[in-house]
Protein chains: 2
Amino acid sequence: MHDQSDTKNLSVGAWTKRCYFAGRALMDERLRPFDLGSTQWYVLWYLVNNGPSVQRDLGRALELERATLSGIIATLVRKDLVAQTADGDDQRQRLLTLTATGEALWRRLPDLSFIHDAAFGGISEADLATTIRVLKSATERLQTLLRKD
Amino acid sequence: MHDQSDTKNLSVGAWTKRCYFAGRALMDERLRPFDLGSTQWYVLWYLVNNGPSVQRDLGRALELERATLSGIIATLVRKDLVAQTADGDDQRQRLLTLTATGEALWRRLPDLSFIHDAAFGGISEADLATTIRVLKSATERLQTLLRKD
DNA sequence: ACTCATTCGTTTGCTACCTAACGATAATTG
DNA sequence: CAATTATCGTTAGGTAGCAAACGAATGAGT
C-alpha cells in the first residue's frame with residue numbers, strides 16, 4: 001500500500017483503471033468460494049434475468065467478444081451450469097440455457113449488487129451524473145479513434 | 001455497435017469498465033505494429049523515465065502483482081528490450097535495465113499521451129475534478145472491503 | 001440456381017491479471 | 001546466535017480479454 005502522495009497526481013484514466021480493478025477484485029473475492037469468475041457470474045446473471053438466449057444476443061448485450069464468450073461458455077458448460085444447444089432456426093447459432101445445477105448455484109450466490117452501492121452510495125446525484133457524462137464522452141471519443149471495421 | 005438506448009441506463013461502474021477497455025483497446029491497437037502490449041509499454045515508460053530500477057519498486061509504482069510483473073519482465077527480456085540482473089545489495093532483488101534495443105524501440109514508438117488528451121481534452125477542470133473524486137472515493141471504499149493481508 | 005458476402009462460433013496464439021505455493025534471502029525476535 | 005518471520009521473484013494454474021483465421025450456414029444479389 002502506498003501512501004496518499006503516490007496517488008495524488010493520477011490521471012482520470014489512471015483512476016478509471018484502479019476503480020475498475022478494485023470492483024473486479026472484490027467481485028472475484030466474493031465469488032471465489034463458489035468457483036466462479038466475475039464474467040461467468042455476469043453470464044449467469046443474464047440468463048437468470050432473460051431466460052434462454054441465443055449466444056450472439058447474449059454476447060452483444062454483455063459486450064463480450066465472440067472469442068471471449070466462446071471460452072467462457074465452454075467453461076460454464078464444463079461446470080454444468082449452462083447448456084448449449086443448436087438453435088432450430090439457424091444452425092449457426094447456439095441457444096444457451098441455465099441448467100438446474102446453474103439455477104441452484106445462482107440461489108446460493110451472494111447478492112453482489114451491494115458492490116455498486118458500497119462504491120458509489122451516498123455520492124450526490126449531480127456528481128454521479130457528471131462522472132457518467134465524463135466517462136461516456138471519453139469512451140465514445142476513444143471508440144471513434146479506434147479503427148472499426 | 002448498439003444504439004444509444006442500450007447504454008442509457010448503464011451504471012457508473014459499467015461506464016468505468018467501458019472507458020477503461022476503450023482506452024486499452026486504442027493503446028493496444030497503436031502498439032500492435034511494434035509487437036508490444038500496453039503493460040509492456042508501461043514498464044518501458046517507467047524505465048525510460050526512472051532509469052534502472054529494482055523490480056519490486058517498479059511493480060509497486062505501477063501497481064502490478066509480483067506474478068503478473070514476473071511474466072511481463074520475462075517477455076520483455078525474451079524480446080531483448082529489458083535486461084534483468086541480480087541486485088548486488090540484496091540477492092532477492094532483480095535490477096531492471098532498458099537495453100539498447102529497448103531504447104531504440106522507445107524512440108520509434110508513437111507518443112501515446114495523446115490518448116488521454118483525446119479522451120478527456122476540453123472537459124472542464126471542475127468536471128474532471130469531480131470525476132476523479134468520485135472514482136477515487138469508490139476505489140478506496142472497495143479496497144477497504146477487500147480483505148487485505 | 002449460382003456466386004459472393006455476411007454471420008456465427010470455434011480455434012489458435014497471445015497479453016494481462018490474479019491466487020497460492022515454493023525456494024532463497026534478509027530482517028526481526030528472543 | 002538460532003529460530004522465526006518477512007520479502008522477493010518464479011512457477012503453476014486459472015480467468016479474462018482480444019486479433020486473426022477458419023469452416024459451416026445463411027443472406028443478398030443477379
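Within every chain, numbering begins at 1; the chains are lettered A, B, ... in the order of the sequence lines, protein sequences first and strands thereafter. The model shown is predicted, which means the values in this text are computed figures rather than measured ones.
Atom CG in L44(A) sits about 11 Å away from atom P in dA16(D), given to the nearest Å. One interatomic measurement links the two molecules: CG of L62(A) to C1' of dC18(D), which rounds to 17 Å at whole-angstrom precision. Rounded to whole angstrom, the span from the CG atom of L76(B) across to the P atom of dA16(C) amounts to 8 Å. At whole-Å resolution of the value, CG in L31(A) and P in dT19(C) are 14 Å apart. Here the C1' atom of nucleotide dT11(D) and the CD atom of E65(B) are 15 Å apart, to the nearest Å. The CZ-P distance, from F21(B) to dA16(C), rounds to 13 Å in whole Å. Rounded to whole Å, atom P of dA26(C) lies 10 Å from atom CG of D87(B). To the nearest angstrom, P of dA16(D) lies 13 Å from CH2 of W41(A).
Residue S137(B) holds its OG atom at 4.5 Å from CD1 of I123(A), rounded to the nearest 0.5 Å.
Remark: R94(B) does not engage D87(B) in a salt bridge, criterion side-chain N to carboxylate O under 4.0 Å. Under the 4.0 Å criterion applied to side-chain N and carboxylate O atoms, D28(A) and R32(A) are not assigned as salt-bridge partners.
Side-chain contact check for T97(A) versus L47(A): every heavy-atom pair is 4.5 Å or farther apart.
Side-chain N/O atoms of D127(A) and T130(B) include no donor and acceptor closer than 3.5 Å.
Relative orientation of the F120(A) and H116(A) rings is tilted, given thresholds of 30° and 60° on the angle between their planes.
Of the side-chain N and O atoms in T39(A), one or more sit less than 4.0 angstrom from OP1 or OP2 of dG17(D).
Evaluated for a side chain to side chain donor-acceptor pair (under 3.5 Å) with Q55(A), the options R92(A), Q93(A), Q84(A), R66(A) yield exactly one hit, Q84(A).
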Checklist line | nucleotides 4-14 of chain C: protein proximity per nucleotide (B base, S sugar-phosphate only, - neither; heavy atom, under 4.0 Å) | finding: --BBSBBB---
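Where R32(B) and D28(A) each meet DNA chain D at their nearest nucleotide, the meeting point lying more 5' is that of D28(A). For L36(A) and D89(A), each mapped to the nucleotide of DNA chain D holding its nearest heavy atom, the one lying further toward the 5' end belongs to L36(A).
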